[in-house]
Structures are given as structure tokens and as C-alpha cells.
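For reference, the structure is listed below as C-alpha cells.
Here is how names work: the chains are called A, B, and so on, in the same order as the sequence lines, proteins then strands, and each is numbered from 1. Everything numeric in this text was worked out from a predicted model, so none of it was measured.
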Amino acid sequence: MQIKLLPFGQTKEILPSAINLPEQVKDTNGLSQYLVDTYPQLTRVHFAIAVNEELASSNTTIFENAVVAILPPYSGG
Amino acid sequence: MQIKLLPFGQTKEILPSAINLPEQVKDTNGLSQYLVDTYPQLTRVHFAIAVNEELASSNTTIFENAVVAILPPYSGG
Amino acid sequence: MIQAENNYKNIFYEGPIDPGFIALIIRKHQKQREIGAHSLFLGQVRADKIADQVVAAIEFSSYEHLALKIMSQIREEIIQKFGLSCLHVYHSTGRVAAAEICLFVFAASAHRNAAVNACSETVEEVKNKLPIWGKEWTDCNYFRWKKQNNPTSESGLLMATE
Amino acid sequence: MIQAENNYKNIFYEGPIDPGFIALIIRKHQKQREIGAHSLFLGQVRADKIADQVVAAIEFSSYEHLALKIMSQIREEIIQKFGLSCLHVYHSTGRVAAAEICLFVFAASAHRNAAVNACSETVEEVKNKLPIWGKEWTDCNYFRWKKQNNPTSESGLLMATE
């Protein structure tokens, strides 16, 4: 499944902007695990996920062509 | 005894700027009483007194030529 | 505390406080690299209702020299208590129309909480401890002496005689 | 809540926030006669020490569209909770040098407490809920990703590779 990946902050230095997910990845929990396995530098970073501009506060299904943002801890202000 | 009177706020509309006090007035308590007796409009106004730029938090002696300020409740800001 | 009388920092500003002056004060702190937070308070004259009239302006007067002396003490205490980089206070004298600014407090510190709490406490002190008086003029040229929390119901309006 | 995407009020300001812009925002409220108090907060980039270097600038980036959407909700909630006349928020994007302003929050209300508390709460929400990231650059051109409460002892500096 192809998704658009929007990595922010320090995750932008680790992740690509589009990704082809293996079939078994169907939700945000699966995506987190897949990303950490594939990009070990991500292990050191806490991050939240937003799917199509909605923060995934619990495990959320990801559909084809979803826009998935990777959000490390905010530090504005 | 001659003193310089500095009335502020609404007391400026009631009191003169110099006053010749009778001999028995020797302190701020005496002055308050004298002013209220002499200028009855003052009865409606709460006021504090400063002698030579020091707020009289308790009864304070007044000497000849003192600068005595009459301070109704503050309303700055 | 021995201090020459004319050493007290002036806080009085003739008429309404101009936003350009506020910008100037902010800009002056743009070289201080240890500052992380500014907290500003602006008091604006409100067109409160008094009976069937509204406040058109407030005319401020003050026992200026005593006010500067008291403000100087407040300033030292608050700078020390909150560890501020800067604390500035400006209060209008004379006439300030509704919707114009009559009080400007500026606190700067390395950290947010210090700046915010110092600014609030300074506003409180200015209102409670400085010998400043406001005469509220209505649109019909009546007046009443402002109280710190003037109930809008109570009129007490007087005709102008001066 | 149905709202066209491009209806979100913009909060982003390219580079450091100019004091003249702050004056402009203040001046815009000089016609609102029901306002009695403005509370302003300005966040300024602090030259914090990191090991033996100092922060020379912060480079801000954001998930802008999501930030505007979240800010729009925060704004509505706070305006309603405190009964504000106005609430404005501006946050820098891009590079802001030490001693320059990167955050400007402005709350206006009839009464002081509402303005002051609303301003503080908004600053808190902006820091905690908006997807904005700061990259701290030192005077030696090293960087680290800002944390909300970066301990100055912990270095974690990286060499610039971009």
C-alpha cells in the first residue's frame, strides 16, 4: 500500500516522504513498528501519528494514499 | 500653625491649598477632625494623609510648614 | 534607602499611551540575549455605562513625586522577587479618551512564569498603592470620581462646574 | 464543525516578529470602546548555553495546516471561556536569532483577569498542542532539536550536515 509520509522535526532527517508499506501494515500501530524496524535511528525518537490531519489518539486504520504525518514532541513557543 | 495643604482627587474640589491651623491641632488625627468639622463636604470622602511625603499609617505629629497631602482612595490604572 | 529625589524613574506619560511607544520599549530589549519572555499589560479606558450616559474619557491626576517614590520601591521589590531582567511602568496623566491606553506595564525575564507573574503583581500594586486619581467624564460632560471597582449601576454623577 | 479549510486564521509569521507589527495589532483595538485590558505575551529566543556553545538562532518548522486547525479550536474555546473581545496568536516560521521575538499572543477583554488568564492559557496551549518544532543552532553552527524544557546541561549537539 502506497501512502504519503509527512515526517516533521527530527524525523524529517530520518524518513522518506513516500513509502510503500508491506501488506501486513494496516494501521498506525503496525506503521510505528514497521518504521522503527526499517529506520533504526527512529528508536531514539518519541513520535505521534496523524492520519489525514487527525491525530491518532488510539490505533487507527490506514487506507491507500493516506497522508500520514510523523510528529515528534512539539517545541514551539 | 501654618501648613501647606495638598488636596488630591475629589478633595481638591473641597479644600484650600494652604491653611492656618488652630493651636490645638498638632497631629494627623487632630487635622482629620478639624478638616471634617470645617469642610462638611469632606464627611462623605474617605481619605488618607501623607506628611512630607510619608504616608501617616498611624497618628503623626505635624510641624510648622509641613506639606500635608490629603489622599482620597486611589483609582489609577 | 538614600536616593536623590530626582533619581526616581519617571512613569508618567502625558495623555494616551501611543502603541508606537510600546513598540519602542519592546525594541529596546531586542539586544538582551538572556531574555526569554516578555509579559505586557495595557489598561484601556472603557466606555462604561453610568446611568444613561457613557464614559467618554478619564482625566488622571497624581501626587507625582510620592507616586514615583512608591513605584521605585515596588519596582525594586518585584525585580528582586521574580529575578527580572527589566520592569517598566507607564501611566497616563491628563485626559485619556475611551478606547485609548492609560497604563502600560512591561516585565521581561529569562522565563515565562516570572515575567507573567511579575507583570500581574505590578499591575495590582500600581492600582492599589500609587496615589493616582481618575475623573470619569461622560459624553454629556458630567463627571464622577472613579473608584477602583466602580459599580456601573451606581451613578453619583455630578455636573461639571469647572 | 464544518469549516472551509482556507478559513482558518493564519498564525504564521515569516522570520522574527517585528515590534512595529505588535504596535499595529495594538492600534487596531483602539476603536473598541468595550475593551478595558490587553494582556500580551512575547516569547524571545534566548541565548541558552549548550555545553560550551550558545544558541544563536532557532529555526522553526511546522505542520502548518494542522497547526492552524488546532489553533482555531483552541482560539474558539478560550474566547468563549474567558469572554474575550479578541485573541490573536502569531508564531514565527524559519530562522529567528537570539534576542528576537518568535511568539506573540494578544488577549483583549473588558476586564483584567480575563485578559491575563486567557493570555497565559493560550501560551500554554500553543506550546503543548501546536505541531511546531524548533531546531536550535549554536554560534558554532552545531544544532540540536529543541525540547519544551531543554536542560541546559544535556548537550546532544550534532554537526550540521545539511
Could you tell me which portion of [X] (side chain, backbone, both or neither) has an atom closer than 4.5 angstrom to a non-hydrogen atom of chain C?
X	value
N113(D)	neither
V45(D)	backbone
K127(D)	side chain
A110(D)	both
Q30(D)	both
V123(D)	both
I22(D)	side chain

* Step through the shown structure and confirm whether more than 12 heavy atoms of other residues, nucleotides or ligands are within 6.0 Å of OH on Y142(C). =>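 Count not over threshold, so no.
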Any idea which of [options] has the most non-hydrogen atom pairs under 4.5 angstrom with chain D?
options	answer
I35(C), V116(C), I26(C), I101(C)	I35(C)
P16(C), G43(C), A47(C)	A47(C)
H38(C), R33(C), K31(C), E100(C)	H38(C)

* Asked: Can you tell if the side chain of D18(D) reaches within under 4.5 Å of the side chain of R27(C), non-hydrogen atoms only?
  ->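 The answer is yes, as the side chains (C-beta and beyond) meet within the 4.5 Å cut-off.
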* N-O pairing of R112(C) and E124(D) below 4.0 Å ->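 Salt bridge between R112(C) and E124(D), a charged N being under 4.0 Å from a carboxylate O: yes.
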* Asked: Is there a donor-acceptor pair under 3.5 Å between the side chain of Q44(D) and the backbone N or O of E34(C)?
  ->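 Checked: no pair found.
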* **chain C interface, residue from A115(D), S120(D), G36(D) that has the most non-hydrogen pairs under 4.5 Å** =>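 Of A115(D), S120(D), G36(D), G36(D) has the most heavy-atom pairs under 4.5 Å with chain C.
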